[in-house]
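Basis for what follows: all heavy atoms, side chains included, without hydrogens, waters or symmetry-related copies.
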Amino acid sequence: MIRVGLTGGIGAGKSTVAKTFTERGAYLIDADKIAREVVEPGSAGLTALVEAFGDDIVSDDGSLNRPALAAKAFVDEEQRGKLNAITHPLVGARTQELLTAAPSDAIVVQDIPLLVENHTAPFFHAVVVVDADEEVRIHRLTTSRGLDEADARARIAAQATEAQRREVADAWLENSGSPADLAAAAAALWDERLAPFARNVVERRVVRGPIRLDVADPTWAAAGRKIVNRLWALLGDKAIAIDHIGSTAVAGLDAKPTIDIQVSVADLDVADQFADLLADGGFPRIEEVRSDRPKADPETQIIDPLLWAKRFHGSADPGRPVNVHIRAAGSPGQRFALDFRDWLIDDPLARAEYEEIKREALAAADGDGDAYTAAKEPWFDEAYLRVGAWKVGRE
């Protein structure tokens, strides 16, 4: 199973995307529908609201009078908190019931208007954002939903900004065209990314990134934050630290478009215990990689391969290649990964040198990932000593 969070501002067109996904087999959980369901006539939720806010929030037909409730519940933070304390646990419980009932191989799509505002993005395998130009949304809201312009603008202003949505989006669907255009884009996203992603999770298949150097992309930093947050959501206190490392963590450095993340753990037994948890979360293990290339201790010149052991996972998502390096906290490999990144950030000459080394290795490897890595290793042996000297000099 993979869970996909679907969100977007009011008037953006989420319903069209949800319909397209459902037609292609999605198991849809609609947060707005659940919110209405838990306060239907005769429900425990409506009874609790009446006890908290009074009988006059109920219409003559026994249904919740939402404007009347809003007039009482949104007057201040205390009343809003009272409302949330009643409805949020009910919505959460019903959502969990539906998740539990989902088939094990399902693509669960959770349509959540306030996903960004509620800070729940890290708990999904992927987040899909539907967006449209604000003026287009204003036109839709005033012509199709009957809102006056001031009300429409106020509702948009009260929601997350485009920048906040982009920070968490794994896929972005622009909806400034026709509904048919949006449906076609949603279908392509399903067929080319979401459905393969779900199959890869079930089959424990990693999607490796392309062996090429891309021009430094400022969005790599946000991608790194997304993956770090997702791994924290999966691992919690099983991890000591989770960091964006490697070339994509260095601004201005051309790199392979693969996000490298380091998870620091107490020891690798911990990593072995959560291997299946990571795989279910979209990061299957690559079993054949069990160590970094061992390097000699600068003081003793002794090479101890056991100190360089690690575990290695990749991403099942065809749209975002990721390497997850799991190392024991305090081990030479764990420290070097962080120090090497910081050295490149600090030293522009080292950054330029490394970029040239990568280009030479890429030319020699002819598209072979293992050959590309092997071609860089002699330079890394030297860089290990240089990074150590740089760190001592800073201290």
Side-chain angles (χ1 to χ4, degrees), residues 126 166-172 193 206-231 241-264 282-284 286 289 292-293 295 310 312-327 333-384 386-387 390-391:
R166 285 195 182 276
E167 179 73 15
V168 303
D170 294 287
W172 190 271
R193 185 170 182 182
V206 169
V207 179
R208 304 303 293 265
I211 307 303
R212 66 168 194 259
L213 289 189
D214 284 1
V215 174
D217 187 340
T219 67
W220 286 338
R225 289 191 294 270
K226 278 194 283 277
I227 301 303
V228 166
N229 290 338
R230 197 158 283 152
L231 289 169
I242 305 178
D243 298 282
H244 185 187
I245 60 169
S247 296
T248 58
V250 180
L253 180 61
D254 294 354
K256 292 193 288 95
T258 297
I259 303 298
D260 281 275
I261 303 294
Q262 176 170 267
V263 177
S264 301
F283 302 98
I286 301 173
V289 179
D292 293 308
R293 174 180 165 116
K295 296 173 178 58
K310 73 174 183 179
F312 189 51
H313 292 243
S315 173
D317 180 1
R320 172 52 69 194
V322 177
N323 294 329
V324 181
H325 310 258
I326 307 176
R327 300 181 174 103
Q334 186 262 353
R335 295 195 305 267
F336 178 60
L338 299 172
D339 293 341
F340 179 69
R341 176 200 64 190
D342 295 344
W343 176 56
L344 293 179
I345 292 172
D346 184 63
D347 189 334
L349 294 178
R351 197 159 59 241
E353 179 184 343
Y354 181 44
E355 191 170 293
E356 183 58 30
I357 290 294
K358 290 195 290 183
R359 294 192 186 283
E360 293 174 359
L362 189 65
D366 194 25
D368 184 313
D370 291 337
Y372 171 75
T373 299
K376 295 189 298 177
E377 285 296 355
W379 183 83
F380 267 98
D381 291 341
E382 177 192 351
Y384 182 59
R386 292 167 63 187
V387 168
W390 166 82
K391 189 173 183 181

How close do [X] and [Y] get, counting heavy atoms only, and between which atoms?
X	Y	answer
Ala216	Gly252	CB-C, 3.5 Å
Trp220	Leu253	CZ3-O, 3.6 Å
Arg293	Lys295	O-NZ, 3.2 Å
Asp170	Arg193	O-NH1, 2.8 Å
Val168	Lys226	O-CD, 3.4 Å
Asp243	Ala241	OD2-CB, 3.8 Å

If we ignore hydrogens and angles and just use 3.5 Å, is the side chain of [X] paired with the main-chain N or O of [Y] as donor and acceptor?
X	Y	result
Asp217	Thr219	yes
Lys376	Ile357	no
Arg341	His244	yes
His313	Phe283	yes
Asp214	Ala255	no
Gln262	Gln334	yes

Notebook entry, point to check: For Asp317 and Ser315, does a side-chain donor sit closer than 3.5 Å to a side-chain acceptor?
Noted result: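 Result is no, nothing qualifies.
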
Basic-acidic side-chain contact under 4.0 Å: [X], [Y]:
X	Y	value
Arg351	Glu355	no
Lys391	Asp342	no
Asp347	Arg386	no
Asp254	Lys358	no

Return the [atom1] to [atom2] distance between [X] and [Y], rounded to the nearest 0.5 Å.
X	Y	atom1	atom2	result
Arg359	Leu213	CZ	CG	5.0 Å
Leu338	Arg327	CG	CZ	8.5 Å
Asp370	Ile211	CG	CD1	8.5 Å
Ile259	Asn323	CD1	CG	9.5 Å
Trp390	Phe340	CH2	CZ	11.0 Å
Ile345	Trp343	CD1	CH2	12.5 Å

Within a strict 4.5 Å, meaning less than it, do heavy atoms of the [X] and [Y] side chains meet?
X	Y	value
Asp366	Asp368	no
Thr258	Arg208	no
Pro257	Pro321	no

Next item on the list: Determine, using ring centers only, whether Tyr354 and Phe380 are less than 6.0 Å apart.
Entry: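 Judged by ring-centre distance (under 6.0 Å), Phe380 and Tyr354 do meet the cut-off.
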
